[in-house]
Amino acid sequence: VVMGTAFNLQHQLGMDLDGDLGADFFSLASPQVSGHNANGGSGTVDVSFDSATITALTGQDYVISYDGAAWNLSDQDGNAVTMTGAGTLASPFNVDGLNIVVGGAPNAGDRFMIRPTRDGGEDIGLSINGVRDIAAAAPVRITEATNGNGLPTNTGDAILRYSSVNGGCAQRAGNGTVTFNSATNEFAYTDGGAVNGTIAYDPVTDGGASFTVAGVNFVVNGTPANGDSFVLGNNTNGSGDNGNALQLAALQTALTVDNNSASFQGAYAQLVADIGTQTRRADISSTAQQGLLRQATQDRAALSGVNLDEEAANLMRFQQAYQAIAQVITAADTMFQTLLGALRR
C-alpha cells in the first residue's frame, strides 16, 4: 500500500505523452472495516489511507470501540492507540497513515475491526490504460533565455538542471524567470505572478547546490554572467523527456516506508530475510520434532513391541520341553504296557 501510494503521488507530478499531468498509476484496495455481530447501534466507521502520513502505515490491525461518550482505538493486542482529529469528514481521526470517519448513532460497547493492509497485495491493480498514460516526463522545463530570433542570450556557463517538483505543483499558468545579479551574487526570480524573491548563489561555494522556486526544484552548476536568465515553463513537448521517470525509479531507494526509515528495496529485503529466517526456524523445529517422534516410537516399541530373536529362542525352548515331555509319556506308556504283558502270563 505504501509503495502504491508513493508511486501514485510521484506519477501525478509527471506529464504523459498527451501533455496531461499524470493520474494514479496503481489502483489500491481500501482498508477493511467490519462491525461486531453484537453491535446494537447504527454507528458507522469509514477508513481511508492518508497520503500525507502514509509512511507511518504498519501491518497492524485495530479495533475501534464506542464507550458511550467517545471512540477509542486499540491494536490487535488490546493496547490503546492515540488518535488525533475529531472523527468527522472535515477533521477525521488520524493514526498510522489512516483517516477514520465515524458517524451514525452507536451504542455503548459497539466496536469495529479495522484491517488496513489485509488485501493490500492481493487487490493492487493497474489504473492507466496504456503507455501514453505513463507520466514519464517532467511537467516543467528549464531553458536559457533567448532573443527575438530564438537564440540564447546568456554569456556565462551556468546550467540550471531540473530535479523535481513539489507535491501539488500543477502545470504553470505562465513562464517564470530566474536572473543572476553578479553584484550581489543572487538570482532574482519571479513565477510570472505573485511569487517573487531572490536566492543567494556564490559560484565559488554554491556550485551543485539545490534551490526551489515556485515549487520547482533545480540544481545550479557553473558560473553565470551578470544578467544571465533562465526560463521555467511548461514542458509542452516532453516526448523525449524522462525527468519524472527518474523520480519514479528513485523511489526504490528513497526512505518512504516505516516512518521514513526504510526504502522499498530495504523493506523488501527485510521481508525476504524474515521469511527465510522463519522458514529455516520451521525446518529446524520440524527436524527436532521428527527426532523426538523417532525416539518416542523406539521407547514404545521397547516396552510393548515384540523382539523376534527372543521369541524364536522361547519357541525353541518350548519345543524342546514339549519333546522332552513327549519322551516321558512314551517311556511311561512302554513301562505300563510291559507290566500289563507280565500279568497276562
Side-chain angles (χ1 to χ4, degrees), residues 1-33 46-57 59 89 92 97-101 114-143 161-176 214-218 232-257 260 262-268 271-272:
V1 174
V2 176
M3 185 200 74
T5 301
F7 199 93
N8 283 345
L9 291 174
Q10 183 61 52
H11 192 258
Q12 293 166 9
L13 299 179
M15 192 173 65
D16 63 20
L17 283 175
D18 297 318
D20 299 323
L21 289 177
D24 283 349
F25 193 92
F26 294 111
S27 62
L28 305 174
S30 299
Q32 287 186 4
V33 181
D46 295 316
V47 184
S48 60
F49 297 114
D50 180 25
S51 60
T53 61
I54 192 65
T55 59
L57 186 67
L89 189 61
L98 302 174
N99 284 327
I100 304 173
V101 177
I114 300 174
R115 297 184 174 94
T117 59
R118 178 61 60 90
D119 295 331
E122 179 181 357
D123 291 345
I124 189 170
L126 193 64
S127 288
I128 63 172
N129 297 317
V131 294
R132 295 192 65 85
D133 295 330
I134 299 177
V140 176
R141 175 175 290 182
I142 303 176
T143 59
R161 179 169 52 83
Y162 167 88
S163 57
S164 64
V165 292
N166 294 340
C169 178
Q171 289 175 300
R172 307 181 60 76
N175 291 338
V216 181
N217 305 314
F218 57 88
L232 280 64
N234 287 329
N235 192 3
T236 56
N237 186 21
S239 60
D241 184 284
N242 67 343
N244 198 54
L246 294 175
Q247 297 299 312
L248 292 170
L251 290 175
Q252 177 181 352
T253 55
L255 300 180
T256 55
V257 182
N260 299 316
S263 65
F264 298 151
Q265 177 176 294
Y268 179 74
L271 176 64
V272 172

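These numbers come from a predicted model, not from an experiment.
The shortest non-hydrogen separation linking Ala135 to Gly22 is CB-CA, 3.6 Å. Between Phe26 and Gly4, the closest heavy-atom pair is CD1-CA, 4.1 Å. Annotation for Val101 and Leu89: closest pair CG1-N, 3.9 Å, computed over non-hydrogen atoms. Scanning all heavy atoms of the two residues, the minimum distance from Leu13 to Asn244 falls at C-OD1, 4.0 Å. Nearest heavy-atom pair, Asp24 versus Ile128, reported as atom, atom and distance to 0.1 Å: O-CG2, 3.8 Å. Contact between Gly97 and Ala56 at its shortest, heavy atoms only, is N-CB, 4.0 Å.
More than 12 heavy atoms of other residues, nucleotides or ligands lie within 6.0 Å of CG in Leu126, so this atom counts as buried by the packing criterion.
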Test Thr5 against Leu57 for side-chain contact (heavy atoms from CB on, under 4.5 Å), laying out the working first.
-> CA-CA 11 Å; Thr5 301; Leu57 186 67; over 6 Å; no
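For the pair Leu21/Gln12, no side-chain contact is recorded, criterion being any heavy-atom separation below 4.5 Å from C-beta on. You'll find the side chain of Ile134 reaches within 4.5 Å of the side chain of Phe25, heavy atoms only. Leu28 has its side chain within reach of Ile124: a pair of non-hydrogen atoms, C-beta onward, lies under 4.5 Å apart. Side-chain contact between Val33 and Asp46 is absent, with no heavy atoms from C-beta onward closer than 4.5 Å.
The backbone N or O of Ser27 lies less than 3.5 Å from a partner atom in the side chain of Ser127, making a donor-acceptor pair. Distance alone, capped at 3.5 Å, places no donor-acceptor pair between the Gln10 side chain and the Ala245 backbone. A donor-acceptor pair under 3.5 Å is absent between the side-chain atoms of Asn99 and the main chain of Pro92, judged by distance alone. When atom types are taken as modelled, the side chain of Asn217 and the backbone of Ser163 share no donor-acceptor pair closer than 3.5 angstrom. Between the side chain of Asp18 and the main chain of Asp20, no donor-acceptor pair closer than 3.5 Å is present.
Rounding to the nearest 0.5 Å places CG of Leu98 at 7.0 Å from CD1 of Ile114. Taken from CG in Leu232 to CZ in Phe218, the straight-line distance is 6.0 Å, to the nearest 0.5 Å. In this structure, the separation between NE2 on His11 and CG on Leu248 is 6.5 Å, given to the nearest 0.5 Å. Rounded to the nearest 0.5 Å, atoms CG (Leu246) and OG (Ser164) are 11.0 Å apart.
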